[in-house]
Amino acid sequence: MGLKENNLVLYNTLSRKKEEFVPINPGFVGIYVCGPTVYGDSHLGHAKSYISFDVIVRYFRHLGYKVRYVQNITDVGHLQSDADEGEDKIAEQARLERLEPMEVVENYTRSYFEDMDVLNVLRPDISPRASGHIPEQVEMIQTLMEKGYAYEADGNVYFEVEKFKDYGKLSGRSVDEMREGHRVEVKSDKRNAADFALWKKADPTHLMRWNSPWGKGYPGWHLECSCMSNKYLGETFDIHGGGMENKFPHHESEIAQSEAANGKPFVKYWMHNNMVNVDGVKMGKSLGNFKTLKAALESYPPLAIRFFILTSHYRATLDFSETALQAAEKGLQKIYTVVEKVFTSKALSEKTDDAFEKEIEAYEAAFQEAMDDDFNTPRAIAATFDFIKKTASWIEREPDKLSVPTLEKLTSVLKSLLDDVLGLLPESFEKEETSSDKMDGVMELLISLRAQLRAEKNFALADEIRNKLTELGITLKDTREGTTWE
RNA sequence: GGCGACGUACCCAAGUGGUUAAGGGAGAGGUCUGCAACAUCUUUAUCGUCGGUUCGAAUCCGACCGUCGCCUCCA
């Protein structure tokens with residue numbers, strides 16, 4: 001299986017420009033994306049990030065690359081406030097819920113995957129946990145100390161930022177700026193306020209602590225990503241992704257740790273997705289406009305949320321609003337209507353329809369061109385709408401003379417692009433839930449009864465049947481060929 | 001205060017130097033329909049402001065205004 005011909009270009013945050021994608025190992029892509037800290041339910045921001053990278057991974061696979069997708073689960077070390085101060089987020093949540101930290105971790109990890117599953121986000125190939133990689137992290141700290149990049153102070157170990165000359169290359173800051181820019185002078189045993197923790201001492205009241213050469217404690221937040229990406233993807237790998245707000249200090253620190261420890265470049269391409277706003281304002285817990293996925297999923301179908309997210313580019317901010325989401329839902333429905341027609345049509349002619357095959361090929365090309373340009377899903381979707389229109393009229397024009405080979409080709413292209421790449425098609429277009437032979441029989445009866453009423457011009461009663469059915473969530477459609485329901 | 005992104009129609013959102021500025025939603029009008037929904041057709045922008053570069057700019061440069069992000073935990 002060779003690679004599809006492609007001309008993939010992606011925006012590299014490190015160089016601040018679009019670059020041609022050239023994998024380190026031909027045909028193979030190693031990608032690491034910062035996963036969630038599992039101390040609460042996932043929200044729309046998580047959805048945007050993980051749906052974006054899901055499509056990126058799916059597209060690489062579509063092109064024929066063998067992908068290893070690693071996404072961590074942060075279950076320790078992520079502190080609540082000021083750099084390297086404050087309580088561990090998991091520990092705090094455990095205290096609040098009166099649970100073991102690992103119960104909190106387990107609950108929210110499951111909740112996270114549940115939400116991602118319904119959004120049709122494929123699971124990463126490896127979902128390593130920080131707490132499962134303590135020995136690796138201790139080892140890395142030791143390496144950093146041996147090489148002179150880290151120092152111990154009273155059971156804490158810090159990375160000395162001044163020793164790593166490239167610190168700031170990703171986020172575009174200098175250590176000097178950071179020293180001056182620090183708002184609050186934190187009282188600590190750090191040599192420099194910009195230094196960050198590799199290992200934090202924990203007193204016996206801490207619920208999560210492990211043994212280390214520096215006493216009992218727990219690892220710093222940035223360290224896990226360096227360690228686990230190293231372990232599963234190697235010292236240098238292709239793509240590291242995450243949310244923009246993590247560029248600094250998280251990703252900057254990852255680079256420092258990994259490159260200092262390994263003496264090799266850490267990541268070839270950095271990709272950052274933008275944030276979600278709600279009605280023009282940043283979504284945040286303190287602002288009270290926080291949308292958890294579980295809440296959003298009560299009002300909207302999961303694939304409509306997914307579609308909505310993909311109608312804007314991953315590097316653009318996404319402005320969430322009820323009207324925007326409703327618009328997306330309708331648009332997606334329009335695509336479904338035509339796709340369903342395609343999937344259920346019967347073709348009779350063995351002759352290839354050359355003209356329409358050209359249209360199919362043009363669509364594939366337009367779609368791929370859009371995706372090749374830094375995963376431009378909005379453009380790919382626009383191309384889809386254009387094509388969907390043509391498809392609908394192709395089927396309508398001569399339904400009896402549809403070409404078998406052309407319909408087959410059409411079906412497989414739609415499946416490949418809309419389902420495999422964008423992940424937008426439902427499992428099946430069969431009538432869902434209540435559908436059964438019995439139900440079909442009842443509906444047929446009602447429809448024929450209503451047809452009779454309409455023939456007798458008893459529209460009042462006919463409309464009442466339709467209205468009552470609408471209330472039950474069943475829509476009747478009167479077409480020239482007869483009445484259908486869904 | 002420092003760094004960065006963005007500003008395209010009523011809403012969402014592509015386009016980043018050159019024929020009529022994609023696409024979706026909403027609105028309006030027509031076809032279809034007993035009516036409605038569905039479907040379908042038509043229609044709705046000169047691109048934040050001002051100035052510059054250019055034969056030519058939404059697209060490059062500068063200033064200004066505005067929105068947002070990061071600098072502190074956040075996808």
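Hydrogens, waters and symmetry mates are skipped; everything else that's a heavy atom, side chains included, is used. Since we're looking at a predicted model, the values are computed, not measured. By convention in this document, chain letters (A, B, ...) are assigned in the order of the sequence lines, proteins followed by strands, and residues within each chain are numbered from 1.
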Taking atom types as they are modelled, is there a donor-acceptor pair under 3.5 Å from the base of B/G69 to the side chain of A/Asn277?
-> no
Across the strands shown, which category fits A/Met275 at heavy-atom distances under 4.0 angstrom: base, sugar-phosphate, nothing?
-> base
To the nearest angstrom, how far is A/His313 atom NE2 from B/U16 atom P?
-> 12 Å
Take the protein atom CD of A/Glu245 and the nucleotide atom P of B/A5, then report the distance between them rounded to whole Å.
-> 17 Å
Taking the same atom, C1', in B/G7 and in B/C64, what whole-Å distance lies between them?
-> 14 Å
By nearest-nucleotide position on RNA chain B, the 5'-leaning member of A/Ala460 and A/Gly242 is A/Ala460
Is the distance between the ring centroids of A/His251 and A/His272 less than 6.0 Å?
-> yes
Contact class for A/Asn376 (heavy atom, under 4.0 Å): base, sugar-phosphate, or nothing?
-> sugar-phosphate
Could you measure between the two C1' atoms, the one in B/G23 and the one in B/A45, and give it in whole Å?
-> 15 Å
Is it true that the side chains of A/Tyr269 and A/Thr13 contain a donor and an acceptor less than 3.5 Å apart?
-> no
Please say whether the positively charged group of A/Arg68, taken as NZ for Lys or CZ for Arg, lies over the ring of A/Tyr232, i.e. under 6.0 angstrom from the six-membered ring centre and within 45 degrees of the axis.
-> no
Quote, to the nearest angstrom, the C1' distance that separates B/U20 from B/A5.
-> 32 Å
Please enumerate all protein N or O atoms sitting under 3.5 Å from an N or O of nucleotides 21-28 of chain B, with distances to 0.1 Å.
| from | atom 1 | to | atom 2 | distance (Å) |
| --- | --- | --- | --- | --- |
| B/G25 | OP1 | A/Lys334 | NZ | 3.4 |
| B/G25 | OP2 | A/Lys334 | NZ | 3.4 |
| B/A26 | OP1 | A/Lys330 | NZ | 2.4 |

Residues A/Glu322 and A/Tyr300: side-chain donor-acceptor under 3.5 angstrom = yes
What residues 445-455 of chain A contributes to the RNA chain B interface at heavy-atom separation below 4.0 Å is A/Arg450, A/Arg454
Taking the six-membered ring for Trp and the full ring for Phe, Tyr or His, determine whether the centres of A/Phe387 and A/Phe367 are under 6.0 Å apart.
-> no
When you compare B/A26 with B/A58, how far apart are their P atoms, in angstrom units rounded to a whole number?
-> 30 Å
Is the NZ or CZ atom of A/Arg191 both under 6.0 Å from the centre of the six-membered ring of A/Tyr158 and within 45° of that ring's axis?
-> no
Looking only at side chains, do A/Gln368 and A/Glu364 share a donor and an acceptor under 3.5 Å apart?
-> no
For A/Lys48, which of A/Leu310, A/Ile305, A/Val276 qualifies under side-chain contact (heavy atoms from CB on, under 4.5 Å)?
-> A/Val276
Provide, to the nearest angstrom, the distance between the CG atom belonging to A/Leu170 and the C1' atom belonging to B/C70.
-> 12 Å
Any chance the side chains of A/Tyr314 and A/Asp374 put a donor and an acceptor closer than 3.5 Å?
-> yes
Could you say whether A/Arg315 or A/Asp463 is positioned toward the 5' end of RNA chain B, judged by the nucleotide with the nearest heavy atom to each?
-> A/Arg315
Donor-acceptor side-chain pairing of A/Asn72 and A/Glu224 below 3.5 angstrom | yes
Write down the distance between CH2 (A/Trp270) and P (B/G4), rounded to a whole number of angstrom.
-> 19 Å
Just how far, in rounded Å, is P of B/C6 from OH of A/Tyr314?
-> 13 Å
Atom P, compared across B/U16 and B/C10: separation rounded to whole Å = 24 Å
What is the nucleic acid contact for A/Asn246, judged by heavy atoms within less than 4.0 Å: base, sugar-phosphate only, or nothing?
-> sugar-phosphate
Classify the side chain of A/Arg466 versus the base of B/C35 as yes if they form a donor-acceptor pair under 3.5 Å and no if they do not.
-> yes
Sort out the partner of B/U31 for me: Watson-Crick or G-U wobble, both distances under 3.5 Å, none otherwise.
-> B/A39
Round to a whole Å and report the spacing from CE of A/Met244 to C1' of B/U72.
-> 19 Å
Restricting to nitrogen or oxygen on both sides, can you table the protein-nucleotides 46-48 of chain B pairs closer than 3.5 Å?
none

What interatomic distance, in whole Å, is found between P of B/C41 and the corresponding atom of B/G52?
-> 45 Å
Determine whether the aromatic ring centres of A/Tyr69 and A/Phe60 lie less than 6.0 Å apart.
-> no
Look at all strands and tell whether A/Val33 reaches a base, only sugar-phosphate, or nothing, counting heavy atoms closer than 4.0 Å.
-> nothing
For A/Asp372 and A/Tyr59, test the side chains for any donor-to-acceptor distance below 3.5 angstrom and give the result as yes or no.
-> yes
Taking atom C1' of B/G15 as reference, at what distance in whole Å does atom CG of A/Asp373 sit?
-> 10 Å
Find the distance A/His250:NE2 to B/U72:C1' and express it as a whole number of Å.
-> 15 Å
Rounded to whole angstrom, note down the P distance from B/C61 over to B/G24.
-> 32 Å
B/A39 and B/U33: how far apart are their C1' atoms, nearest whole angstrom?
-> 11 Å
